[in-house]
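Just below is one structure, and these are the notes that go with it.
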Amino acid sequence: MNYWLFKTEPDECSIDDFARAPTTPIVWEGVRNYQARNFLRDNVAIGDQVFIYHSSCKDIGIAGIARVVKAAYPDPSQFDNHSRYFDSKATGQKPRWVAVDLQFVSKMSQLIRLDKLKNLATLIELPLVRKGNRLSVMPVTCAQWLTIMALSQPA
DNA sequence: GCCAACGTTGGC
DNA sequence: GCCAACGTTGGC
């Protein structure tokens, strides 16, 4: 089993949306970056655990955990010309982008803020805390995962 | 709202 | 295949 961190803008899809429908798979669509797509397509597998990270918002940080319940399949939004994720160059025969399905696991007891993550020596290799990094789907090592989980324990 | 850093596009 | 211009990301 592998560990991941997925970024999301909470206005669009937040951990509370997951928590509200804990048994419903959520379609993780709209990834439009090749490096992120390749992780989704080639490495994200059923059963993997995912940190849900809130970006571009007031409270930035890791908000909760989800689990992969369906591996990569063609992202339906690329074919929908009413979607902001529509891609005119994608066809049914040659889809460009993939989605996975996630299901709620838990909310962090409190949000793990970005500035806190930046201060941890164990995480210096994590793309999230590297200057200028914009990767929206990134692998998390087991050691990094455990470090972050330790932060979520009540004080 | 600003802007640094990055990824993508397209002309050559 | 280079690289300038452009658009986007995302923290501040």
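Just so it is clear, the structure is predicted and the values come from calculations on it, not from any experiment. Residue numbers start from 1 in every chain, and the chains themselves are labelled A, B, ... in the order their sequence lines are given, proteins ahead of strands.
Following rounding to the nearest Å, A:Arg130 (CZ) and C:dG11 (P) show an atom-to-atom distance of 16 Å. One atom, CD1 of A:Ile60, and another, P of C:dC12, lie 6 Å apart when rounded to the nearest Å.
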Determine, for nucleotides 1-9 of chain C in 5'-to-3' order, which nucleotides have protein heavy atoms under 4.0 Å from the base (write B), from only the sugar-phosphate (write S), or from neither (write -).
------BBB
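A:Arg20 has a carboxylate O that lies under 4.0 Å from a charged side-chain N of A:Asp17, or vice versa, which qualifies the two as a salt bridge. In this structure, A:Arg32 does not pair ionically with A:Asp87, as no charged nitrogen and carboxylate oxygen lie closer than 4.0 Å.
Summarising the geometry, atom CD belonging to A:Glu9 is positioned 6.5 Å from atom CD belonging to A:Glu12; distances are rounded to the nearest 0.5 Å.
Side-chain atoms of A:Gln144 and A:Thr147 form no donor-acceptor pair, as typed in the model, at a separation below 3.5 Å.
Residue A:Lys58 is out of contact with every strand shown, counting any heavy-atom pair closer than 4.0 Å.
Residue pairs meeting the ring pair (Phe, Tyr, Trp, His ring centres under 6.0 Å) criterion with at least one member in residues 98-144 of chain A: none, sequence neighbours excluded.
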